[in-house]
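In what follows, chains carry the letters A, B, and so on, assigned in the order in which the sequence lines appear, proteins first and then strands, with residues in each chain numbered from 1.
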Amino acid sequence: MTNHQIIEILNEIAELLEVKGENKFKIRAYQKLSRFLSSYPYELKDIYKEKGIKGLTEIQNIGEGIAKKIAELIDSGKLTYLEELKKSLPENLEMLLKIPGMGPKTAFLLGDKFKIKTISQLEKFLLSGKLREVKGYGPKIEEKLLKGIELYKKGEKRKLLGEAYPIAYKIINILKDKVKIDYIAPVGSLRRMEDTVGDIDILAVCDDKKKLMDTFTSLDFVDSVIAKGEKKSSVHLLEGIQADIRVFNKDEIGAALQYFTGNKEHNVLIREIAVKKGFTLNEYGLYKGKKKIAGEKEEDIYKLLGLSYIPPELRLGADEIKLAAENKIPQLVDLKDIKGDFHIHSNYSDGRDDIETLAKEAIKRGYSYIAITDHSQSLKVAHGLSIQRIKEQMQKIDKLNKKYKDKVLILKGIECDILQDGTLDYSDDVLQNFDFVIGSVHTNFKMNKKEMTERILKAMDNKYLKSIGHISGRMINMREPYELDYGAIFDKAAKNNIALEINAQPERLDISDIYIKEAIKYGVKFTIGTDAHIFESFDYIIYGVGKARRGWATKDDIINTYSVEKILKWMK
DNA sequence: GCCGTTTTCGGCCCGACTGTTTTCAGTCG
Ligand SMILES: Nc1nc2c(ncn2[C@H]2C[C@H](O)[C@@H](COP(=O)(O)OP(=O)(O)OP(=O)(O)O)O2)c(=O)[nH]1
Ligand SMILES: [Mg+2]
Ligand SMILES: [Mg+2]
Ligand SMILES: [Zn+2]
């Protein structure tokens, strides 16, 4: 029973309780825990095995009630409570609830009174016009639900951060072009730099609100308008994702950002603090009675609530608020601190560009160094480098380093396969010639937790290894990560002075940010690498930095912030 | 169902849009 599975079950319980019309705070408790666990770095089953129920209740948002249920799930794989809950309700409600526009009330009505169990039954029912006979329902609702079914059938998944970000900026640039806008920015999960986003949230400040909304809802790539008001509109895009916009006045921008950045749990906790202090907080401002006491700047709101500023990436509703109250939010690493990129492929292996092109791009970005890290010999599909090719590449790099002396330093790197037995893909007398060796697993993924951990730990005995590439092997939405004993790896990484890579490819984002904070406690350092195969992908660095920030990393934790002198020393 | 240096019981965020209403419920942010 993985955390992932437990999260799904908690969500299912919350949904069913909603349909039952249960106490909404009880429902919130399940939702809150579910969200909390999605960024929790330890497996509950390990904690339960070690410390029992008591270990579980020590975790934030888990009390006696849910601890017992989790224990039953781990012990037996089943949950009597959920089974009973399902029995007491119409079948297949979960499916109905996934239809956009269908909430708990309507789903219950359809399941209970009209015995609807399948999508095709629902379609027939809606087309028959029988729903409008129920008080409170009419033809527009039937239509809306039919549209919801079409959307549901598309089965759209959450988009990768790296897919959604460019779409958000496409929208922003068009709007800026067509309407006079004072401020516009991506917010929600995009601003928090989550791995994936459920929709694109945009916040704007603009005088001509009507024109902005007209423009937004009539963009070329809008395929349906879900809602359109003067403060808020929602559309669905051809790209297969929803976009929400909210428009505010200038003096509300701080409160608006605070609200629209979220996450929801963070907002609720912040608003609770406001209430305790005798204030109210909404998206327009912080109020003491009728009097507005903050709203222009996010910082002011946090400050008046007795908190230091909390960067968006940390706003999870976990422990960031407590730490802000104690003034213990660290100065996080920033994009402007980054001096180089530690994972780049050239046309020597499976990259598109020659090394000189890559070096020029690095110079353009103001980098001090880049590491060229092509694939190693056994990875034939990616044209892994033979020993002869390594020699040629090194000579080439020497030449370029002469040519671009004082402009950028090209590091002789390699992304060396960690073979099934934990040895590296070249012998030490080859590896010793590189400045920077990444060890990556690209083959034989189907090993259990113990075997895969041992494989990686073994590789870490090699004194030339400097960083572990994309450690979990996950491909977001496509391939699950393999299980690892992260504690053992962090421990050895810190002791052997081996960094972990934050791979910034949108589909990888690996090591996952939920582990970074833990690793830092062990003293582990990180190299951020875009894994670029074309120079345009140097852009992915923003996602890498975002992940580092979500892991509470400071400048010191990230090797890419070091000067040339310092990295040369570190690589020795 | 969870939580707490004021509380172990009584709190638990607040608002926009739509469709159906003649005052508001439902859904979503
Ligand atoms: N105060 C408050 N704010 C909310 C609530 N629901 C959403 N928000 C705010 C915080 C969210 O980050 C923001 C955008 O909502 P979304 O539903 O788009 O969620 P978010 O972008 O966080 O995640 P997503 O990737 O879209 O699933 O709106 C709520 O119930 N109360
Ligand atoms: Mg969102
Ligand atoms: Mg949204
Ligand atoms: Zn790789």
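Separating the C1' atom of B:dC2 from that of B:dT8 is a span of 12 Å, rounded to the nearest Å. Here, B:dC13 and B:dC28 have their C1' atoms 15 Å apart, quoted to the whole Å. B:dT18 and B:dT23 are spaced 15 Å apart, taking the C1' atom of each and rounding to whole Å. Using atom C1' as the reference point in both B:dT22 and B:dC12, the two lie 33 Å apart (nearest Å). Nucleotides B:dG26 and B:dT20 place their P atoms 14 Å apart, quoted to the nearest Å. Nucleotides B:dG15 and B:dT6, compared at atom C1', are 31 Å apart to the nearest Å.
Residues A:Ser88 and A:Lys20 bring a donor and an acceptor atom of their side chains to less than 3.5 Å of each other.
Nearest heavy atom pair, residue A:Gln60 against residue A:Asp319, reads OE1-N, 4.4 Å. Here the closest heavy-atom approach between residue A:Lys154 and residue A:His236 is recorded as NZ-CE1, 4.2 Å.
Here B:dG29 presents its P atom at 12 Å from NE2 of A:His236, a figure rounded to the nearest Å.
Salt bridge annotation for A:Arg192-A:Glu194: present, with a cationic side-chain nitrogen under 4.0 angstrom from a carboxylate oxygen.
Shown here, B:dT8 forms no base pair; nothing in the strands shown gives a Watson-Crick or G-U wobble contact with both key distances under 3.5 Å.
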